[in-house]
Amino acid sequence: GEALERRQALEEVITELLHGHDWENMSDYEKSLQIHDIVFERAEYHYEAALANEGIGVNNDLDPAEVLETSTAHGALVNQRAICSGYAQAYQLLAQIVGLQSYYIEGSILVPVDVTEHAWNVVKLDDEWLVVDTTWDDTQTGKYTWMHLPSSFLEAN
């Protein structure tokens, strides 16, 4: 069925993306950095889907299924189009495969003008939980701006 095909497609892409890296001999820090880079290179931010999700620009011609898809690891890694939840799901899935301790997190976050719903990850490196935000790295300035920040950084003030 379709679900099986989707899973197989995702597994094939993951195998391909993880291939050629010496995961056995990497530190957790290096693994996290590499997973970040894989997601960063693979996915492209789907602005229209993000707006559709917020109920803005709902008159666009996007297929609702396509919008939903952008929130998944499949969307990020197979279709290569994702919003924050897709980026974070992709990081989470790959991180777990290579043996990192990490979590997928969703919450409201204060951005300069507004409070917005967002998704990101935390990863445990040297007994400390650090924030990884592949979405903001891919859509804002600087590839590693939102990489391995102290988790206090995203706690509500």
Side-chain angles (χ1 to χ4, degrees), residues 1-50 52-53 65-111 116-156:
E2 194 190 343
L4 183 64
E5 282 171 28
R6 281 167 52 87
R7 215 177 93 195
Q8 283 171 336
L10 181 58
E11 281 170 8
E12 278 170 29
V13 166
I14 287 172
T15 302
E16 184 189 315
L17 292 172
L18 295 181
H19 182 74
H21 298 286
D22 188 8
W23 299 107
E24 296 295 303
N25 293 309
M26 279 188 201
S27 67
D28 284 352
Y29 175 81
E30 290 167 326
K31 285 180 183 177
S32 179
L33 212 56
Q34 191 61 62
I35 295 297
H36 168 282
D37 288 0
I38 288 170
V39 177
F40 181 94
E41 299 297 337
R42 184 78 186 170
E44 190 184 322
Y45 194 74
H46 199 320
Y47 288 94
E48 298 86 357
N53 256 351
E66 188 190 342
V67 174
L68 206 59
E69 186 79 346
T70 62
S71 289
T72 66
H74 184 279
L77 300 176
V78 179
N79 302 347
Q80 300 181 255
R81 305 290 304 279
I83 61 169
C84 59
S85 38
Y87 275 81
Q89 293 282 8
Y91 175 92
Q92 179 62 20
L93 184 59
L94 296 173
Q96 284 181 316
I97 292 170
V98 301
L100 288 171
Q101 269 189 285
S102 66
Y103 287 104
Y104 169 89
I105 296 184
E106 268 182 0
S108 298
I109 204 162
L110 191 61
V111 289
T116 183
E117 289 303 306
H118 190 49
W120 62 95
N121 302 90
V122 290
V123 63
K124 196 174 191 181
L125 301 177
D126 299 325
D127 290 329
E128 194 185 355
W129 289 98
L130 301 175
V131 169
V132 174
D133 194 329
T134 45
T135 308
W136 279 3
D137 276 348
D138 208 12
T139 54
Q140 301 192 13
T141 50
K143 186 173 178 180
Y144 300 117
T145 311
W146 301 95
M147 188 72 193
H148 297 152
L149 299 175
S151 47
S152 58
F153 192 83
L154 284 179
E155 283 161 14

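In what follows, every heavy atom counts, from backbone to side chain, and hydrogens, waters and symmetry copies are set aside. Residue numbers run from 1 in the order of the sequence given.
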*Applying side-chain contact (heavy atoms from CB on, under 4.5 Å), name anything that partners Asp137, two or more places apart in sequence or on another chain.*
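Listed in chain order: His36, Phe40, Thr145, Trp146, Met147.
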
With no hydrogens and no angle check, is any side-chain donor or acceptor of [X] less than 3.5 Å from a backbone partner on [Y]?
{"X": "Tyr87", "Y": "Asp138", "result": "no"}
{"X": "Lys31", "Y": "Ala95", "result": "no"}
{"X": "Glu128", "Y": "Leu125", "result": "no"}
{"X": "Arg81", "Y": "His46", "result": "no"}
{"X": "Gln101", "Y": "Lys124", "result": "no"}
{"X": "Asp133", "Y": "Thr135", "result": "yes"}

Could you check if a side-chain atom of [X] sits within less than 4.5 angstrom of a side-chain atom of [Y], using non-hydrogen atoms only?
{"X": "Val131", "Y": "Asn121", "result": "no"}
{"X": "Val13", "Y": "Arg42", "result": "yes"}
{"X": "Leu93", "Y": "Ile14", "result": "yes"}
{"X": "Ile83", "Y": "Ser71", "result": "yes"}
{"X": "Leu94", "Y": "Leu18", "result": "yes"}

Within this structure, what is the [atom1]-[atom2] distance for the pair [X] and [Y], rounded to the nearest 0.5 Å?
{"X": "His74", "Y": "Leu68", "atom1": "NE2", "atom2": "CG", "value": "12.5 Å"}
{"X": "Leu77", "Y": "Thr72", "atom1": "CG", "atom2": "OG1", "value": "8.5 Å"}
{"X": "Gln34", "Y": "His21", "atom1": "CD", "atom2": "NE2", "value": "4.0 Å"}
{"X": "Ile35", "Y": "Glu30", "atom1": "CD1", "atom2": "CD", "value": "12.5 Å"}
{"X": "Glu16", "Y": "Glu11", "atom1": "CD", "atom2": "CD", "value": "13.5 Å"}

*Answer yes or no: is there an ion pair linking Glu41 with Lys143, defined by an N-O contact shorter than 4.0 Å?*
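Salt bridge flag = yes for Lys143 with Glu41.
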
*asked:* Any carboxylate oxygen within less than 4.0 angstrom of a Lys/Arg side-chain nitrogen, looking at Arg6 and Glu2?
replied: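 So Arg6 does not pair with Glu2 through a salt bridge.
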
*Above 12 or not: heavy atoms from other molecules or residues under 6.0 Å from CG of Asp22?*
yes

We want to know whether [X] and [Y] form a side-chain donor-acceptor pair, criterion being a heavy-atom distance below 3.5 angstrom.
{"X": "Ser108", "Y": "Glu117", "value": "yes"}
{"X": "Gln92", "Y": "Ser102", "value": "yes"}
{"X": "Tyr91", "Y": "Ser32", "value": "yes"}
{"X": "Glu106", "Y": "His118", "value": "no"}

*Kindly determine whether Val39 and Asp37 satisfy side-chain contact (heavy atoms from CB on, under 4.5 Å), including the steps that lead there.*
CA-CA 5 Å; Val39 177; Asp37 288 0; over 6 Å; no

_Nearest non-hydrogen partners of Tyr45 and Ala50, listed with the distance_ =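 Heavy atoms only, the tightest pair is OH-CB, 3.3 Å.
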
*Taking all heavy atoms of Gly107 and all of Trp120, pick out the closest pair and write down the distance.*
N-CZ3, 3.8 Å

*asked:* side-chain contact (heavy atoms from CB on, under 4.5 Å), that's the test. Do Tyr104 and Ser85 meet it? Break it down for me.
replied: CA-CA 9 Å; Tyr104 169 89; Ser85 38; 3.1 Å; yes

*asked:* Under the criterion side-chain contact (heavy atoms from CB on, under 4.5 Å), I'd like the reasoning laid out for Leu10 against Arg7: C-alpha separation, chi angles, the key distance, then a yes or no.
replied: CA-CA 5 Å; Leu10 181 58; Arg7 215 177 93 195; 5.5 Å; no

*Under the side-chain contact (heavy atoms from CB on, under 4.5 Å) criterion, do Thr139 and Tyr47 qualify, and how do the steps go?*
CA-CA 10 Å; Thr139 54; Tyr47 288 94; 3.6 Å; yes

